[in-house]
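Chain identifiers are assigned alphabetically (A, B, ...) following the order of the sequence lines, protein sequences preceding nucleic acid strands; residue numbering begins at 1 within each chain.
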Amino acid sequence: MPSYPDDYELVTLAGAFEEEPHTLQAYLDRGGYTAVAKVLEGGMARDEVIAEVKASGLRGRGGAGFPTGLKWSFMPPAEGGQPQYLACNADEAEPGTFKDRDIMRYNPHQLVEGMIIGGYAIGATVGYIYIRGEFWEPYVRVQRAIDEAYAAGYLGRDLFDSGVDFDLHIHRGAGAYIAGEETAMLESIEGKKALPRFKPPFPANYGIFGRPTTVNNVETLASVPPIINRGGQWFLELGTPKSGGTKIFSVSGHVAWPGNYEVPMGTPFAELLELAGGVRDGNRLKAVIPGGPSVPMVPAETILETRLDYEALGEAGTMLGAGSVIVMDETTCIVRAVERLAKFFFHESCGQCTPCREGSGWLHRVIHRIENGAGRLEDLDTLLHVGSRIEGHTICAFGEAEVAPVASSIEHFREEYEAHIHGKGCPMAASGRVSRRVAEAG
Amino acid sequence: MELPEPVTRRIDQARTRYPAEEPRAAVIEALHAAQDELGWLDQPTLDAVADYLGLEPIKVYEAATFYDMFNREPVGRHHVRVCTNISCWLCDSDAVTDRLRERLGIDFGETTSDGRFTLTEVECLGACGGAPVIWIGRSYYENATPERVEEILDGLE
Amino acid sequence: MAQIFINGEAHEVPEGQMLIEATDALGIDVPRFCYHRGLSVAANCRMCLVEVANRKTPAPACATPVSEGMEVQTHSEGALEARRAIMEFLLINHPLDCPICDQGGECDLQDFALAHGSGHSRYREPKRAVADEDLGPLIETEMTRCIHCTRCVRFGEEVGGYAELGATFRGEEMEIGTYVGRTVESELSGNMIDLCPVGALTSKPYRYKARVWEMRHHPTICPHCPVGCNMKVEEVDDEVKRVLPVTNDAINEDWICDKGRYSYEAVHHDRVAEPHIKVGDRWRAVSWETAFNAALKGLRSVGSDLAAAVAPTATVEEQWLTQHLVRGLGATDIDHRLGLADPDLDAGVANATPLLGQRLVDLEALDGALVIGGNPRKDQPLANHRLRKAVARGARVSALGPVRYPRNLDHFRDLVHGPGQAAPAVAAVAKAVAEAGGAGVPANLQGADAEEAGLDPREVQELADSLIHGRQTSVLVGTLAQEDPQAGELIRLAHQAARLAGAAFGYLAAYGNSVGAWATGCVPHRGPGGDPVREGRPAAAFLASDPRRGILTLGCDPLVEAADPVAAQAAFEAAELHVAITSHWSATARAADVVLPMAAYPENEGAYASGEGRLQAFGPAASPVGEARPAWKILRVLAHTLGVPESEFVEVGEIRERAEAALTRAGIALGASPPEPGPALEAEPRSGPGLLRVPARHIYHDDLFVRRAPALQEQFGRLTATISPEDAAERGVDEGDAVRFEGPGGSARLPVHLDGGVPPGVAWIPAGEDAASLGPAFGWVRLSDRAAGRTGEAVTADPSEA
Ligand SMILES: Cc1cc2nc3c(=O)[nH]c(=O)nc-3n(C[C@H](O)[C@H](O)[C@H](O)COP(=O)(O)O)c2cc1C
Ligand code: SF4
Ligand code: FES
């Protein structure tokens with residue numbers, strides 16, 4: 001079991017270790033809905049809320065890390081009864097990411113409260129939570145929380161007699177990774193295919209149904225009530241000066257105790273690994289993808305020296321992403337791992353941009369060939385070339401994402417590709433599947 | 001064809017979440033509702049959904065074919081979907097899928113001849129802390145192993 | 001305006017424009033597949049990537065708004081490299097079948113491959129295969145060639161107004177199509193072929209007929225409706241191969257409708273290739289001389305006891321010359337309004353020249369409009385497109401008519417009046433407008449009552465408000481209303497409503513050159529330009545109860561197109577002489593004594609006057625088939641030989657001068673308003689047993705030429721009888737049943753279509769060959785007892801009983 005040092009603060013996963021932490025009562029017992037009361041009853045102006053969030057250093061937890069307060073400030077003032085929207089991104093489909101699921105399962109009211117505050121701050125009177133269709137339990141819990149909040153008067157008309165209205169609905173997805181891209185999500189909420197929109201116009205000007213909209217991740221929004229209650233400064237100081245607060249890292253793969261770990265920004269990777277029980281079976285660490293497959297993988301030596309925050313990971317040649325730490329030990333065939341990811345991106349490309357639609361299949365087919373012993377040395381150049389022509393040439397960041405594992409693995413593990421090519425097959429698959437062999441030996 | 005009442009009820013409910021002039025926004029929920037009731041989405045069902053929402057049918061076809069959760073072919077009573085993406089694979093989803101194939105005698109994308117099981121490979125289910133993950137109906141079965149596969153399947157009628 | 005720098009040169013361009021609009025305007029070449037100026041921006045092909053200073057990644061010119069000081073490189077190495085990459089991606093899954101592809105020679109992909117392709121591809125993996133779909137008789141598909149630019153999909157939704165094609169599935173599996181193999185039904189569908197930058201969508205009738213580089217182009221004007229689309233006819237060795245739009249922003253922009261695009265096929269079908277005379281019961285092909293002699297002899301013998309029916313799709317020259325001939329012979333009966341059912345229109349309204357009353361582009365700027373008794377979508381597809389653009393901008397466009405047409409624009413109010421209640425319904429609208437205007441209700445409207453006309457008074461009020469409160473609004477009278485048995489009253493009331501609302505008044509006519517026909521004097525009561533003439537009788541009379549000894553028909557087919565084809569038949573039978581000048585065999589031609597073959601429009605020269613008042617001239621694209629001659633030459637010989645003064649014309653231009661002068665005198669000018677209608681005469685309400693027939697037109701049955709175009713007829717040309725689900729249920733009739741209908745003139749077997757837009761008591765049966773035997777277009781019909789499998793079925797549609 002993970003054991004947190006005593007002074008670690010759980011911000012968004014607060015309550016996760018309680019019995020029945022998701023009920024309204026449990027949330028109230030944890031001090032729930034006092035932040036929204038402070039805002040609405042206490043008469044905090046919208047600007048003050050935004051200022052507090054800016055001060056907290058909170059950056060988007062959905063992957064891009066955009067400063068939340070700044071994003072909120074882009075919303076135009078609400079005009080003449082026309083709706084504006086706050087959309088919560090609970091699509092959580094980046095492989096290796098499973099943090100929002102736990103927030104929704106264990107702390108749904110904090111998300112609801114965060115959305116009410118966020119909605120007020122940006123002038124939105126309607127919120128949608130876009131929950132991936134596969135998530136049933138989280139959906140039920142969040143719906144229950146919404147129902148409870150309506151019943152208790154936290155949602156609906158004239159909240160806290162402040163004249164502020166806020167309605168909150170769930171919009172379920174139906175299985176498409178790309179729907180997590182914020183503009184694709186807007187399309188999906190409109191009932192269309194989740195095709196990312198070209199920007200500009202940005203959602204703050206042209207969002208759901210063409211109305212101003214802000215999109216935030218679950219963890220981002222769930223961070224808001226404590227920030228309001230305890231101050232932006234408090235949150236900032238939990239982390240580093242440029243990466244405020246705590247962050248949930250979803251640790252998966254070859255660790256003893258996979259799971260979600262909410263730790264302060266700037267925590268050394270080594271410490272997180274230790275919390276997760278270290279590499280399983282005492283194996284040696286080989287590589288880590290620290291933010292989900294959309295970010296470059298890094299070899300063990302690099303990541304073991306790195307702290308987990310936006311800047312440090314950037315310097316290490318990768319990104320924090322959604323904080324999805326995928327750990328691969330020495331038994332992992334990197335080519336096979338990348339082949340699986342290439343297949344994922346190929347399967348998930350929405351298909352509108354030429355480079356992504358055609359390139360994602362190309363990348364996958366070449367890597368598949370290499371893994372299966374039909375590779376040629378020039379394939380590696382082709383992969384890098386194709387990748388460089390996808391990156392930066394597409395509507396959305398999926399283009400960069402699909403290239404990240406390919407390019408980074410060739411950069412750091414070229415010799416493994418070459419071994420596949422020269423040996424006409426996977427050197428690690430000689431006696432059956434790698435992971436299982438190790439698992440059974442362990 | 002007419003949509004069954006539980007479906008139209010859910011669609012009506014969904015409609016209330018969006019502005020009245022945006023019926024299309026309810027398409028995904030409508031397809032969920034129809035599939036929950038009918039198992040899969042044949043063309044008459046899709047046309048009925050389009051008709052009910054007052055949309056051109058192609059708009060419904062587009063949604064029904066874009067999102068993976070919508071079955072455009074009949075599926076077995078139990079739709080067994082197993083994640084093979086990176087975290088699950090690292091935790092040996094191969095062993096799990098092998099056992100599923102063996103036990104059910106079908107490959108991915110197939111349905112057992114008795115119509116009980118359909119086996120589908122899926123992408124990351126967002127529960128990688130419990131990898132490998134199997135998803136049947138509305139439930140996730142986490143930390144799957146070949147042995148658990150047997151238990152899980154035994155527990156389904 | 002913003003100053004931007006393109007390839008180092010400074011340019012002033014409108015702020016907010018997309019970069020590609022700026023480069024297009026400046027003539028700087030930026031390649032593209034998905035961008036099209038008439039469609040929304042998708043930015044998916046990525047072919048238009050350019051380099052913009054201070055941006056890390058190349059920017060799509062189609063989706064990058066210009067901004068002050070922006071520095072752009074369209075042909076830098078970086079931009080070219082980006083495009084090469086796109087080409088490589090596009091080609092990996094594209095078949096290399098250019099030699100057999102109809103797009104060859106006009107394929108953007110092929111062109112850019114030469115310009116931007118890298119020559120060799122690294123791609124060694126298997127290519128994707130895509131199944132083809134049958135989209136019907138007009139569009140051929142070869143979907144492996146598709147590059148997923150989604151132009152066709154966007155066109156359907158944005159211009160066609162109804163999404164039929166879509167992009168189903170995802171990623172590399174994305175497929176363009178209907179998903180279910182439906183026929184694409186949009187009347188604008190052929191434009192998708194032009195839009196498709198590759199050979200995925202091509203013209204089915206044109207398939208393998210020619211290679212683009214061997215064809216010669218001839219600009220022309222579409223004869224079919226008053227929009228007057230600019231087009232070009234393409235021909236090889238004098239054989240017409242296809243027709244394409246020619247861009248004209250003031251008229252058709254980049255589009256034409258399928259009727260204009262595909263009707264050319266009629267050039268090769270059912271043509272009268274030689275002059276013919278009837279000897280006894282048999283036709284004999286004869287020389288021109290023999291035929292002329294027969295015609296001249298007959299015409300001399302009937303003298304002034306002659307009537308002439310002129311096609312509203314004839315040129316102004318042909319129209320002017322026909323009336324010149326007829327009146328020169330002392331005859332008075334001439335008309336082009338074969339379908340007009342109100343015998344009193346001329347006595348009342350007097351001048352109903354169907355001008356639009358504004359420019360086409362003005363329609364786009366309307367913020368309110370009411371279309372009475374018309375279906376612009378099918379009658380004037382590209383005027384309708386302007387209305388759709390207005391609606392997209394927020395305009396409130398309403399419709400009022402006997403049926404609710406399948407729509408492709410969102411009507412503000414779409415009102416259906418009771419059977420036969422067109423005029424009272426318009427009176428109710430006019431009254432509501434007067435009431436809302438507050439200046440008091442004119443005496444003639446006092447008795448109007450929305451409910452009695454079968455309308456919801458609240459909706460009428462809302463509609464009236466929308467006309468009054470718009471800045472720029474219009475009341476437009478459609479073809480069905482113009483041909484209504486109570487057309488005079490209806491037009492008068494519509495005009496009154498427009499006046500009261502401060503709206504523009506105009507007509508949305510259906511036939512190509514009706515304006516020209518009015519202005520050149522092809523009406524019985526007005527000479528060219530409105531010159532006084534000895535008044536004659538309208539087609540409704542001379543093609544029915546009161547025939548002349550001789551009939552001359554020019555380019556038309558009254559046995560199908562007349563207000564009562566069965567009565568017209570009797571008129572033809574009674575006549576001693578019938579000279580038909582026609583390009584095609586038809587019932588009318590077969591009923592003639594002398595048939596003189598005339599050139600069809602692609603072989604002809606002349607001019608048409610459009611609804612907005614534009615006279616547009618065109619020349620021949622091919623020689624007439626066989627012995628056919630341009631009608632103006634035929635008419636010239638007849639007039640000259642018969643001694644009609646001033647008939648020695650050598651060139652068509654000399655006739656045009658006269659026609660043009662007539663048009664000017666008649667006040668035909670761009671954007672001109674139609675004349676004010678005179679007071680209407682009291683009209684008889686219609687009644688009869690069974691369902692009241694509404695003959696709202698079928699786009700592919702309008703004129704003889706289009707009725708001879710095989711592809712248009714193949715799937716879209718079937719005439720159906722549309723009735724209400726209620727009437728169908730009562731009679732035990734189902735969708736698609738072939739049912740025998742009985743009308744006052746006889747019976748016809750027609751497939752039935754059920755549509756809630758048709759009110760009970762009404763049968764919507766367009767005029768056309770299959771329905772001609774029923775008799776009056778605005779008559780009643782009964783589902784025959786036998787067909788309905790019952791006996792004694794009869795419903796009264798007498799409005800007084802409704
Ligand atoms: C391909 C792609 C997939 C994404 N998936 C998710 C997702 O599942 N959940 C999420 O919160 N953000 C996702 N994002 C990021 C969103 O676009 C967006 O930046 C985020 O939701 C904004 O919220 P934040 O500012 O609170 O992080 C994805 C982005 C891309 C390009
Ligand atoms: S980059 Fe890929 S996923 Fe993103 S919009 Fe383009 S095709 Fe779709
Ligand atoms: S033309 Fe700009 S992306 Fe296609």
Side-chain angles (χ1 to χ4, degrees), chain A residues 83 91-98 100-102 126 128 132-137 140 167 169-177 179 188-195 208-209 250-254 258-260 289 293 324 326-329 332 336-337 340-341 344 347-348 350 433 435-436 439, chain B residues 14 16-19 21-33 35 53 55 59-60 62-70 81 83-96 98 121-133 135 137-140 142-143 145-146:
Chain A
D91 192 55
E92 185 143 83
E94 176 82 4
T97 316
F98 45 97
D100 298 337
R101 175 175 182 242
D102 279 358
V126 179
Y128 293 106
R132 61 178 299 175
E134 295 87 343
F135 277 173
W136 184 255
E137 192 192 4
V140 170
D167 282 306
H169 309 290
I170 294 177
H171 183 105
R172 293 179 65 213
Y177 165 66
S188 191
I189 290 175
E190 293 179 1
K192 302 173 185 164
K193 296 179 293 177
L195 304 186
I208 303 170
F209 310 128
S250 301
V251 184
S252 67
H254 293 159
N260 282 320
I289 304 176
S324 336
I326 300 166
V327 176
M328 294 178 275
D329 71 15
T332 312
R336 172 107 195 252
R340 183 63 188 85
L341 294 175
F344 164 74
H347 182 247
E348 298 296 340
C350 84
R433 275 177 223 84
S435 309
R436 184 196 316 178
Chain B
T16 65
R17 295 176 213 144
Y18 313 99
E21 65 278 12
E22 305 286 354
R24 189 175 184 178
V27 162
I28 296 178
E29 189 57 27
L31 292 175
H32 274 309
Q35 179 162 299
L53 289 172
L55 300 173
K59 292 184 172 158
V60 177
E62 283 191 337
T65 55
F66 187 89
Y67 296 99
D68 286 332
M69 279 177 74
F70 298 132
R81 299 187 252 209
C83 173
T84 62
N85 206 313
I86 183 89
S87 303
C88 286
W89 173 70
L90 289 171
C91 295
D92 209 8
S93 60
D94 285 348
V96 171
D98 280 355
E121 176 181 33
V122 294
E123 298 296 356
C124 180
L125 291 169
C128 330
V133 184
W135 167 38
R138 286 169 171 172
S139 309
Y140 278 7
E142 301 185 30
N143 301 308
T145 59

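At a threshold of 4.5 Å between non-hydrogen side-chain atoms, the residues Tyr140(B) and Phe135(A) count as touching.
Applying the side chain to side chain donor-acceptor pair (under 3.5 Å) definition to pairs two or more places apart or across chains, those involving residues 121-131 of chain B are Arg340(A)-Glu123(B), Lys343(A)-Glu121(B), Thr84(B)-Glu121(B), Asn85(B)-Glu123(B).
The minimum heavy-atom distance linking Ala127(B) with Arg101(A) is given by the pair CB-NH1, 3.3 Å. Closest heavy-atom contact between Ala63(B) and Gly191(A): CB-O, 4.3 Å. Heavy atoms only, all atoms of each residue included: Ser188(A) and Tyr67(B) are closest at OG-OH, 2.8 Å. Taking both residues in full, the closest heavy atoms of Phe66(B) and Leu195(A) are given as CE1-CD2, 3.8 Å, listed atom of the first, atom of the second, then distance. When every heavy atom of Ser87(B) is checked against every heavy atom of Gly96(A), the shortest pair comes out as OG-CA, 3.7 Å.
There is no contact between Ser324(A) and chain B, counting heavy-atom distances below 4.5 Å. Using a 4.5 Å cut-off between heavy atoms, Glu348(A) contacts chain B through its side chain alone, with no backbone atom that close. Only the backbone of Val327(A) comes within contact range of chain B, with at least one heavy atom under 4.5 Å from a heavy atom of that chain. For Ile289(A), no part sits under 4.5 Å from any heavy atom of chain B, backbone or side chain. For a residue to count as touching a neighbouring chain, one of its non-hydrogen atoms must lie under 4.5 Å from one of that chain's; by this rule Val60(B) does not touch chain A. Contacts between Glu142(B) and chain A at a heavy-atom distance below 4.5 Å involve the side chain alone, from C-beta outward. Contact of Glu134(A) with chain B is made through backbone and side chain together, with heavy-atom distances under 4.5 Å. For Ala337(A), the parts sitting under 4.5 Å from any heavy atom of chain B are the backbone and the side chain alike. Of the atoms belonging to Thr97(A), it is backbone heavy atoms, and not side-chain ones, that fall under 4.5 Å from chain B.
No side-chain donor-acceptor contact under 3.5 Å links His171(A) to the backbone of Glu29(B). Here the side chain of Tyr128(A) pairs a donor or acceptor atom with the backbone of Arg17(B) at under 3.5 angstrom.
Comparing Ser252(A), Ala174(A), Ser250(A) by heavy-atom pairs within less than 4.5 Å of chain B, the highest count is held by Ala174(A). Of all the listed residues (Asp91(A), Ile326(A), Ile208(A)), the one sharing the greatest number of non-hydrogen pairs under 4.5 Å with chain B is Ile326(A). Considering only heavy-atom pairs separated by less than 4.5 Å from chain B, the leading option among Lys192(A), Glu92(A), Lys193(A), Arg132(A) is Lys193(A). Put simply, of Arg172(A), Met328(A), Glu137(A), Glu94(A), the one with the most heavy-atom pairs under 4.5 Å next to chain B is Arg172(A).
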Verdict with reasoning, His347(A) to Asp68(B), per side chain to side chain contact (heavy atoms under 4.5 Å, CB included): CA-CA 10 Å; His347(A) 182 247; Asp68(B) 286 332; 3.1 Å; yes
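Note on ring orientation: taking the six-membered ring where Trp is involved, the planes of Tyr18(B) and Phe209(A) are perpendicular (angle over 60°, cut-offs 30° and 60°).
For Thr145(B), the side chain to side chain contact (heavy atoms under 4.5 Å, CB included) criterion is met by Glu147(B), Arg148(B), not counting sequence neighbours.
With rounding to the nearest 0.5 Å, the separation of CG in Asp167(A) from OG1 in Thr16(B) is 9.5 Å.
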